[in-house]
There are 2 protein chains.
Amino acid sequence: MATAPSPLPPSAADADGAAPVASPAAAALRAIGARVTPARVRVLTLLREAPTPMSHHDVETALGPDAGDRVTLYRVLDWLAEAGLATRGVDATRVTRYAAARDGKHQNHLHFHCDDCGQVYCLDTPPPPPPELPAGFQLQRAELDLHGQCDRCNSGKA
Amino acid sequence: MATAPSPLPPSAADADGAAPVASPAAAALRAIGARVTPARVRVLTLLREAPTPMSHHDVETALGPDAGDRVTLYRVLDWLAEAGLATRGVDATRVTRYAAARDGKHQNHLHFHCDDCGQVYCLDTPPPPPPELPAGFQLQRAELDLHGQCDRCNSGKA
DNA sequence: ACCGCAAATGCAACAGAGTTGCACAAATGG
DNA sequence: CCATTTGTGCAACTCTGTTGCATTTGCGGT
Ligand SMILES: [Mn+2]
Ligand SMILES: [Mn+2]
Ligand SMILES: [Zn+2]
Ligand SMILES: [Zn+2]
């Protein structure tokens, strides 16, 4: 089996189980001339599908056994942010959260924080216009955080 | 010099070294009916004199030998924020910073968070009207957080 | 001036998030 | 297929903050 037997064009999967067909995440990586590694693809794919920004812990839990090494995950997340493929943010509890950076998914909408279950919901409602600021202040972003009870937590009570 | 020689009204210090004359910080504590403890007075005094928001580490270093216990310092800072005498903020490196709150009102106005120094500024601008929510969601409070660079952090750059 | 008790402190151990150094593995270009 | 560059895994470590519990202390009441 040393010599390549098949002159087949790049189409279906090999006799093996793994199908290296290009995922959107992998494409995004190649697009910036970066190495395509399983860890990066898995994490970026997850972030792209995630409805809300994810912490290191979130990602580790979501990936389960495929999460790989803790430190590698930190480095991948950090790298993604550095490479511009994800955005980094520190929340009120000092936890860093990451979100896929493509065309501002979490850029222009509101977040609702459920105080009961802690879930964060992305709302379609556009944010209000940013107000005037004192001289010398430079506005980077405005975030309207709504706090209360979500529908799920709200229905299970008196 | 054991017996008090002067029939002076309450002004100077006693025969002892310690002068319990009311510091502004102590006054602020009494004003809200809180216990006046050395730790609280020292920390609040420091925060009031500080030109920029201070982290736990900053305070500990600044107070030197008078800093007391690490945990107590955490609790004092936390308490000051809870009591409305200081504002809390998380800076870009995940470090919580505190600043003396000159006025204790955080009711009906906006907050500007400096991403560099972590300071929280209270703006006079009234908050925008809360938006519509999906069915089942109950709004408890809405907070418009403005993020960017404050005037102080903004001026020290190219 | 003295008591009593809630509130604050000190100490020690713990927890979570993120970092560093280094040996080993793997991606990519040739 | 090889060489080089880059990423990964592991262990140990730092930093920030927390929790439990015994002891002290501020302060209101007597
Ligand atoms: Mn969102
Ligand atoms: Mn305020
Ligand atoms: Zn909920
Ligand atoms: Zn600032």
Side-chain angles (χ1 to χ4, degrees), chain A residues 1-4 10 18 20 22-23 25-44 53-61 63 65-83 85-86 88-98 118, chain B residues 14 18 20 22-23 25-44 53-61 63 65-83 85-86 88-98 118:
Chain A
M1 308 89 169
T3 49
S23 70
L29 291 169
R30 289 208 182 81
I32 63 170
R35 284 196 184 181
V36 181
T37 73
R40 287 180 180 174
V41 173
R42 276 196 298 264
V43 173
L44 184 53
M54 301 183 79
S55 66
H56 172 274
H57 181 78
D58 292 339
V59 174
E60 199 172 24
T61 301
L63 291 180
D66 296 330
D69 186 63
R70 219 171 58 85
V71 177
T72 298
L73 186 47
Y74 271 116
R75 291 197 266 232
V76 165
L77 287 169
D78 191 54
W79 181 88
L80 285 173
E82 221 62 48
L85 294 173
R88 218 193 323 243
V90 180
D91 76 4
T93 64
R94 302 178 14 261
V95 176
T96 306
R97 288 206 145 76
Y98 299 84
Chain B
D14 272 41
S23 70
L29 290 169
R30 289 211 181 79
I32 63 170
R35 286 199 183 179
V36 180
T37 72
R40 287 179 179 174
V41 173
R42 278 196 297 265
V43 173
L44 185 52
M54 302 183 76
S55 66
H56 173 276
H57 182 262
D58 292 340
V59 174
E60 199 172 25
T61 301
L63 290 181
D66 296 330
D69 186 62
R70 215 171 61 85
V71 176
T72 298
L73 185 47
Y74 271 115
R75 292 198 264 229
V76 166
L77 287 169
D78 191 54
W79 181 89
L80 286 174
E82 221 62 48
L85 294 174
R88 218 194 321 245
V90 181
D91 76 2
T93 63
R94 305 183 12 264
V95 176
T96 306
R97 288 175 178 279
Y98 299 83

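Reminder, nothing fancy here: chain letters follow the sequence lines and each chain counts from 1. When reading the values below, keep in mind they use all heavy atoms of this one structure, side chains included, and skip hydrogens, waters and symmetry mates.
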side-chain contact (heavy atoms from CB on, under 4.5 Å) between Leu29(B) and Thr37(B), intermediate numbers included
CA-CA 9 Å; Leu29(B) 290 169; Thr37(B) 72; 6.0 Å; no

So what is the end-to-end bend of the helix from dA1(C)-dT30(D) to dG30(C)-dC1(D), with 5 pairs used at each end and the value given to 10 degrees?
40°

Please give, in whole Å, the distance from dG7(D) C1' to Leu77(A) CG?
14 Å

Once rounded to the nearest 0.5 Å, what's the spacing between atom CZ of Arg30(B) and atom CD1 of Ile32(B)?
12.0 Å

Which atom pair, heavy atoms only, marks the closest approach of Val41(B) to Ala25(B)?
O-CB, 3.9 Å

In whole angstroms, how far is the C1' atom of dT14(D) from the NE2 atom of His56(B)?
15 Å

Protein-nucleic acid N or O pairs under 3.5 Å, nucleotides 11-14 of chain C:
from    : atom 1 : to       : atom 2 : distance (Å)
dC11(C) : N4     : Arg75(B) : NH2    : 3.4

Roughly, in whole Å, what's the span from CD in Glu82(A) to C1' in dT19(C)?
15 Å

Any chance you could measure Glu60(B), atom CD, to Asp69(B), atom CG, to the nearest 0.5 Å?
9.0 Å

Atom CZ of Arg97(B) and atom CG of Leu77(B): how far apart are they, to the nearest 0.5 Å?
12.0 Å

Expressed in angstrom and rounded to an integer, what is the separation of Asp78(A) atom CG from dT8(D) atom C1'?
15 Å

How long is the line joining OH of Tyr74(B) and P of dG20(D), in whole Å?
18 Å

The reported gap from CH2 in Trp79(A) to CG in Leu44(A) (rounded to nearest 0.5 angstrom) is 8.5 Å

Measure from NE2 on His57(A) to P on dA17(C) and round the result to the nearest Å.
7 Å

May I ask you to decide if Asp66(B)'s main-chain N or O and Arg42(B)'s side chain share a donor-acceptor pair within less than 3.5 Å?
yes

Protein-to-nucleotide contact annotation, 5' to 3' order, nucleotides 25-30 of chain C [B base; S sugar-phosphate only; - none; under 4.0 Å, heavy atom]
-BBS--

Taking atom P of dG16(C) as reference, at what distance in whole Å does atom CZ of Arg94(B) sit?
14 Å

Got a second to check how far Arg88(B)'s CZ is from Asp78(B)'s CG, nearest 0.5 Å?
4.5 Å

Below the 4.0 Å mark, does dA17(C) have OP1 or OP2 next to a side-chain nitrogen or oxygen of Ser55(A)?
no

Using atom types as modelled and distance alone, determine if a side-chain donor or acceptor of His56(B) lies under 3.5 Å from a backbone N or O of Arg70(B).
yes

Are any side-chain N or O atoms of Arg40(A) and backbone N or O atoms of Arg35(A), one a donor and one an acceptor, separated by less than 3.5 Å?
yes

I want to confirm an ordering. Mapping Ala39(B) and Tyr98(A) to their closest nucleotides on DNA chain C, which one lands closer to the 5' end?
Ala39(B)

Asp58(B) and Thr61(B): side-chain donor and acceptor closer than 3.5 Å?
no

Glu60(A) CD to dG9(D) C1', straight-line distance once rounded to whole Å
13 Å

